[in-house]
Structure formats: C-alpha cells, structure tokens
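Reviewing the structure listed below.
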Amino acid sequence: MVDLRQIEKDFDTVSSALERRGVEEKVLERLKVLFEEKKEVQKRLEASQAEQNRKSRLFGEYKKEGRDISQLQREVAENKERIAALNEELRLLETRLFEIAATIPNIPDPDVPDGEDEDDNVELERILEPTLFDFEPKEHWELAEINGWIDFERGVKIAKSRFSALRFEGARLERALINYMLDFNRKRGFEEVCLPFMANSESLFGTGQLPKFADDLFKIEGEDLYMIPTAEVPLTNLFRDEILKREDLPLKLTSYTPCFRKEAGSAGRDTRGMIRQHQFDKVELVSITTPDQSDTVFDEMVSCASDLLSSLGLPHRKVLLCAGDMGFSAAKTIDLEVWLPGQGKYREISSISNTRDFQARRTKIRYKEQKKNIPVHTLNGSSLAVGRTLIAIMENYQQKDGSILVPQVLREYL
RNA sequence: CGGGGGAUGGCUGAGUGGUCGAAAGCGGCGGUCUUGAAAACCGUUGAGGGUCACACCUCCCAGGGUUCGAAUCCCUGUCCCCCGGCCA
C-alpha cells in the first residue's frame, strides 16, 4: 500500500517514481486531495465527539444535583445528528481513498531500470556455460514422452488443460527436488515451515493479490478462501497484525507448497509442456527484516537460489527486472533464468523481490524501534519452481538416447 | 453438521450501563540493594490517529441496534472450547 503521508509530503518524487510503473499523476493528485479532505472531516468529527463526551458526562452530575436536564438533552440530540452526518462523510471518503490506494503498485527502487516489458530487463550475470551437446537436444515434452515421466493427457482428464501428472522417475525426482531444496535453504539459515494451501481474502490483500488480481486466483465456492498462488501469501501472512521484536529479525523462512494460478491472460502461451500449469510445486523463501537489513537479506536470497541452481549444475543468468515488468508489490526484483537447451532459451525459474514496507503496511507487520512501531520490510523469492527445475534437469541432463542422468546431489534423495 | 459455553491489554483474568482504556497477577522495561546475579522493594509498561508538545478522538472479536451515555443490554456474523454425529 502506498504511504499516503509520503504522497502528501513528497508528491513529486512519488509521482515521478510511480509514473515509471504507468501510474498517472492525476490518480495521485486525487489521492492527495481526498487524504486532505479526510483529515479535515476527521478533525471536525472529533471535535463534535469531544463535545458529546463532555456533555454526556454532565448527565450524572445534573441528576445528582437535581438540576433540569432538558436543555442539555436538546443540545446533545442536535450534536448527535451532526456526528452522524460527519461520520457518514468520513466513511465515504475513506472508502474512496482505500479503493484507489489499494490498486496502486509499489514504488520502484532508484536502481530499477526504466522499461515497459521483459525486453527492457537488464542481464546482470551468467553462471555456468550453457550445456554443449554433440546431438540435437530435445525439448522436455519429448523427453517426458520417451521416459514416461509426465502424463499430460491424464492430467487434463482429471482436472482440465494445464494440469498434468508425474509418473515413474519423474514423480520421485519431483519429491527429491523438494526435499533437496528445503534442506539446502535450511542450511542457509531459513526456517522450514509447513503451511495451509488455502488463504482468506485478508491474507491475499496483505500480499497484494487482492483486490486487483482476483481473476488469477482459484476461489473456493461459498467460502472466504482461495487456493494460494504462491507460498509467499501464507508465509508473509504468518505475522499479519503482529508487532515483532527487533532482536527476532530478520525472520528467514522457507516452505514447500503447491501453487494454484488461473493463468488468465496467458492463453496460448506455453501451452505445450509443463512450463505454465494451473498447479505447480514451488519452494519459497520469505524474509521479514528491519529496513536497514533488507538489502543484505535480498542478496542472500538471490545467492541462495542461484547457488542452488549451480549445485544442480544448471546454467542460469541473473536478470534485473525493469520498472514495467515487476510484480505489483515489488520495489525491486531479480529473476533467475535457467538455460533450457531444448528450447535454446533462458526461462524464468526464480523471482526474488524486495517489497520494502509495501506489504508490511497492508499486513500491519511492524517491529518496535525505540517505542515506535515501524513497518518491517518483507522479501520473497522462489528457490525454486520445482516443476521448471525438473524440466531444466531433463533438458540439461539428457543423453543422446533420450534417457536422463540424475544430478549428483540428488542421488541420495532418490 | 446438531446442542451447550465462551471471546477483555504480551499472557492469565476481574469488570455494577455513567471520569473504565479497563482491577489484580504474571511477563517485559527502568531503578534501589549487590563484586555480579537471584530474591525483595519502588517505578514503568496496549494499539491507531492527532499535536512542536499537550489537549482531544477511536479501539474491550467484527458489523449493526437500544441509550444523553455501552466492555456491560439486544440482533447478526466469525472464531474458540465442551458434548454428540461424521471423519484422516
């Protein structure tokens, strides 16, 4: 959630930063005006309430002293109407303010490059050279077919398109990867957490999926519950509405969950294979930090995911997302893209974001700093998308006959 | 899902419709004592808004209602506990 006080105080900076994300200045103007109006109404309301409180207390005295209360009664009744009217006015302003503010994305960090989409992202570093083959490498769905690892048709039969089933070594490798990733993250200081796979609307508001992106969520009928689109939601919301102790920060958490996404608006993209599914496994990292720690922890999270890929022998690169390509809640995002020799392309396998205090204000996660409650910084990142890791292993470890070697570090997990 | 009981500050737990934002205890923080610590004693200790700082406003699960005035009375919802049903 944007900080309305910041808009009030530092309008030009905020509006030019948000312009990079396509937020028009007039929207912010409107917010600023509404915010000022609200404060004005609130002042008048509180004055009336103070008067009402004062006069109500007089009733007791008057009765004790046997004085006439009819005059007082009239005044109080009159004031009561005024309060009701002001209350209504305030409620209206707050609703409008909230509706606008809730749909404004986070302010990008100064070092985030300008740009509109993925073409404007900046490659930072390549790790490991792309795998070389003395034959034409196959795409993962061909390999899946040869080895019987992914059953696309039956997945569709059970649910619908963009669902699949893993079988044989594919199923076991998926589970091995989850365990390997969790262990890896734990050794890097992330506490393993086991979470609900559904979350209520308040949680989804907190991390920024609601109200704007309801179309991409699977909703449970008749319940205020959604299937989680990422473990970031339950992991961050663990501490919603809480005031944390400074010495407990940073909190560094990791969790495996399946993720559920409608993929509305991506019709026709990656329809072949397992790149884009309605349900996929992911091991997630979430950190909750003080503002001064968050850059350090961000780097730790990027390293963690990158080292994880390296340990699996998977070539990848780090990409700094431009302002236009970042997610709603992010102030800064680095994507890790893994090399897929079958496709001959780098594809996103991890996305690590610092949301600064954006989610913290929505979730009201704070910590005590010299008697003051300060919003924390929250960060999230994948380490890694399990299904895409499986694909990357298939394509990078394929042999000429279509069989697939298992990376060394995974062998003890099978 | 059916019947009964609850929801109060970090925790436990009082609370008569009228200075109750709320007793008490525990915990936390500060201090006295001590070489240091424990014990004991003293003080302090909810959140949000507002203000230079006060004042002031809001919050006793949530939302409505009764009343001049609600933690306290009424309605609705949510959650928790106990009994039963179902179930891994």
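Naming: A, B, ... by sequence-line order, numbering from 1 per chain. FYI, side chains are in, hydrogens and waters are out, and symmetry mates aren't considered; it's all heavy atoms of this structure.
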My understanding is that only one of A:Thr296, A:Thr289, A:Thr290 makes a side chain to side chain donor-acceptor pair (under 3.5 Å) with A:Asp292; could you say which? A:Thr290

Sticking with atom P, work out how far B:G27 lies from B:U12, rounded to a whole angstrom. 15 Å

Check for me whether the distance between the ring centres of A:Phe205 and A:Phe98 falls short of 6.0 Å. yes

B:A47 to B:C42 separation - P atoms, rounded to the nearest Å: 25 Å

Classify A:Lys38 by what it touches in the nucleic acid, base, sugar-phosphate, or nothing, heavy-atom distance under 4.0 Å. nothing

Can you tell me the Watson-Crick or wobble partner of B:C20, both distances under 3.5 angstrom? none

Under a 3.5 Å cut-off for both contacts, is B:G50 paired Watson-Crick or G-U wobble with anything, and if yes, with which nucleotide? none

Assigned partner base of B:G27, Watson-Crick or wobble definition, under 3.5 Å: B:U45

Could you give the distance from NZ (A:Lys282) to OG (A:Ser255), rounded to the nearest 0.5 Å? 9.5 Å

Look at all strands and tell whether A:Asn53 reaches a base, only sugar-phosphate, or nothing, counting heavy atoms closer than 4.0 Å. sugar-phosphate

Would you please indicate yes or no on a ring centroid separation below 6.0 angstrom for A:Phe197 and A:Phe260? no

Between B:G10 and B:G28, how far apart are the C1' atoms? Round to whole Å, please. 8 Å

Remember a base hit wins even if backbone is also touched, and classify A:Arg54 as base, sugar-phosphate or nothing at under 4.0 Å, heavy atoms. nothing

If the P atom of B:C33 is compared with that of B:A38, how far apart are they to the nearest Å? 15 Å

G-U wobble or Watson-Crick pairing nucleotide for B:U78 (cut-off 3.5 Å, both distances): B:A7

Say we look at B:G21 and B:C56: how far apart would their C1' atoms be, to the nearest angstrom? 15 Å

With rounding to the closest Å, how many angstrom separate the P atoms on B:A71 and B:G65? 15 Å

Checking all strands, does A:Gln49 fall into the base, sugar-phosphate, or nothing category for heavy-atom contacts under 4.0 angstrom? sugar-phosphate

Give a yes or no on whether a salt bridge exists between A:Glu75 and A:Lys55, defined as a side-chain N under 4.0 angstrom from a carboxylate O. yes

May I ask you to say what A:Asn373 touches in the nucleic acid, namely base, sugar-phosphate or nothing, with a heavy-atom cut-off under 4.0 Å? sugar-phosphate

Could you tell me whether A:Gln42 contacts a base, only the sugar-phosphate backbone, or nothing, with contacts defined as non-hydrogen atoms closer than 4.0 Å? sugar-phosphate

For atom P, what is the distance between B:C83 and B:G9, given to the nearest Å? 26 Å

Most 5' of A:Gln73 and A:Lys368 on RNA chain B, judged by nearest nucleotide: A:Lys368

Centre-to-centre under 6.0 Å for A:Phe218 and A:His278, is that the case here? yes

Across the strands shown, which category fits A:Arg44 at heavy-atom distances under 4.0 angstrom: base, sugar-phosphate, nothing? nothing

Determine, for A:Arg347 against A:Asp270, whether the closest basic-nitrogen to carboxylate-oxygen distance falls under 4.0 angstrom. yes

When rounded to the nearest 0.5 Å, the distance separating CE of A:Met198 from CD of A:Glu223 is 8.5 Å

For RNA chain B, which nucleotides open and close the run of contacts to chain A, 5' to 3', at under 4.0 angstrom from a non-hydrogen atom? B:G18 to B:G69

Here's a test of your reading of the structure: between A:Ile243 and A:Ser56, which maps to the more 5' nucleotide of RNA chain B? A:Ser56

Does B:G2 pair with anything, Watson-Crick or G-U wobble, both distances under 3.5 Å, and if so, with which nucleotide? B:C83

Measuring only the C1' atom in each nucleotide, how far is B:G17 from B:C74? A whole number of Å is fine. 13 Å

